[in-house]
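I have a structure I would like to understand better, so I am pasting it below and will then ask my questions one at a time.
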There are 2 protein chains.
Amino acid sequence: MRRDIFQAIADPTRRAIITLIALQAMTPNALAENFNTTRQSVSKHLRILTECRLVKPEQQGREIYYSLDFEKMKEIDIWLEQLRQIWETRFNQLDSVLANLKKQTK
Amino acid sequence: MRRDIFQAIADPTRRAIITLIALQAMTPNALAENFNTTRQSVSKHLRILTECRLVKPEQQGREIYYSLDFEKMKEIDIWLEQLRQIWETRFNQLDSVLANLKKQTK
DNA sequence: TTTTTATGAAACCATTCGGTTGCAAATATA
DNA sequence: TATATTTGCAACCGAATGGTTTCATAAAAA
């Protein structure tokens, strides 16, 4: 069972859940009212989001409020930034690759 | 067939392909040599990446070089930025929500 | 106490996904 | 021309995914 942040945000309903609870913590029932799906379906999405630590449950009586852990979202930023650096320095790196090839074929 | 950028980057092999061709355009065969999978499997991943415009094929003789369209990656940035703004202003927005509730219950 | 409400979990189902195998088309090479 | 190479595509398969239905548990309300 792969359970990483990239797989978590692949589903449009889960992205919508993330957007909603970014504004304020919400219960599964309250969330479900915003989508054309059942509470159980939302509950399953919340489980996936919780398992990869994007979301944090907090029990209050018989209700459970789910809130976003925005720090976790930064893992996506990190991957993008890493890629951006490769992209921006690719000509230099290509130069060194070509230089190595030249040396080897001598 | 959902084919958006979020679904595209959900698969770890596709993320690795993106990282490799960020450095330089590559053929399916050359890419496949870097993974423990077949050329056909890489080919299917490339098709998915091409369909959501993350990757651009360029025919050269009988070879096809795939390159990254980094501009497309910025769609992820846009979503993250939008979310960041919601996150950072959530207390203000919560205030206005609560103000509205107060007005309605008067 | 009895009933209602909020929730998670398990079982099931149709669809999608990632991978492999086999084949056909197009280009390069002998 | 005959052969080898590079590639995409279709068919198939097992596993994962998203959704629904049903049930059990715990807390609040009547």
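A, B, ... follow the sequence lines: proteins, then strands. Residue 1 opens every chain. Computed from heavy atoms alone, side chains included, the values below leave out hydrogens, waters and symmetry copies.
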What residues form a salt bridge (Lys or Arg N to Asp or Glu O under 4.0 Å) with Glu75(A), not counting sequence neighbours?
->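 Counting only residues at least two positions away or on another chain, Glu75(A) forms a salt bridge (Lys or Arg N to Asp or Glu O under 4.0 Å) with Lys72(A).
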Looking only at side-chain N and O atoms, does Thr37(B) come under 4.0 Å of OP1 or OP2 in dT20(C)?
->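 Looking at the OP1 and OP2 atoms of dT20(C), one of them is under 4.0 Å from a side-chain N or O of Thr37(B).
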Residue closer to the 5' end of DNA chain D, Ser41(A) versus Gln60(A) (nearest nucleotide) | Ser41(A)
Base-contact (B) and sugar-phosphate-only (S) positions in nucleotides 2-7 of chain D, heavy-atom cut-off under 4.0 Å, - elsewhere | --BBSB
Using the test side chain to side chain donor-acceptor pair (under 3.5 Å), find all partners of Thr13(A) that sit at least two apart in sequence or belong to another chain.
->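 With neighbours one apart ignored, the set is empty.
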Pairwise 5' ranking along DNA chain D for His45(A) and Leu46(B), keeping only the more 5' one | Leu46(B)
Could you tell me whether the phosphate oxygens of dT17(D), OP1 or OP2, come under 4.0 Å of any side-chain nitrogen or oxygen in Gln7(A)?
->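 Yes, within the criterion.
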Can a donor-acceptor pair under 3.5 Å be found between the side-chain atoms of Lys44(A) and the base atoms of dG8(C)?
-> no
Can you tell me if the side-chain N/O atoms of Arg3(A) get under 4.0 Å from OP1 or OP2 in dT17(D)?
-> yes
Heavy-atom donor-acceptor pair, Arg14(A) side chain to Ala8(A) backbone, under 3.5 Å =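 Between the backbone of Ala8(A) and the side chain of Arg14(A) there is a qualifying donor-acceptor contact (under 3.5 Å).
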Which residues satisfy the salt bridge (Lys or Arg N to Asp or Glu O under 4.0 Å) test with Arg53(A), sequence neighbours excluded?
-> none
Which residues share a side-chain contact (heavy atoms from CB on, under 4.5 Å) with Glu33(A), sequence neighbours left out |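 Expected list: none.
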Who are the salt bridge (Lys or Arg N to Asp or Glu O under 4.0 Å) partners of Lys74(A), not counting sequence neighbours?
->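 Listed in chain order: Glu71(A).
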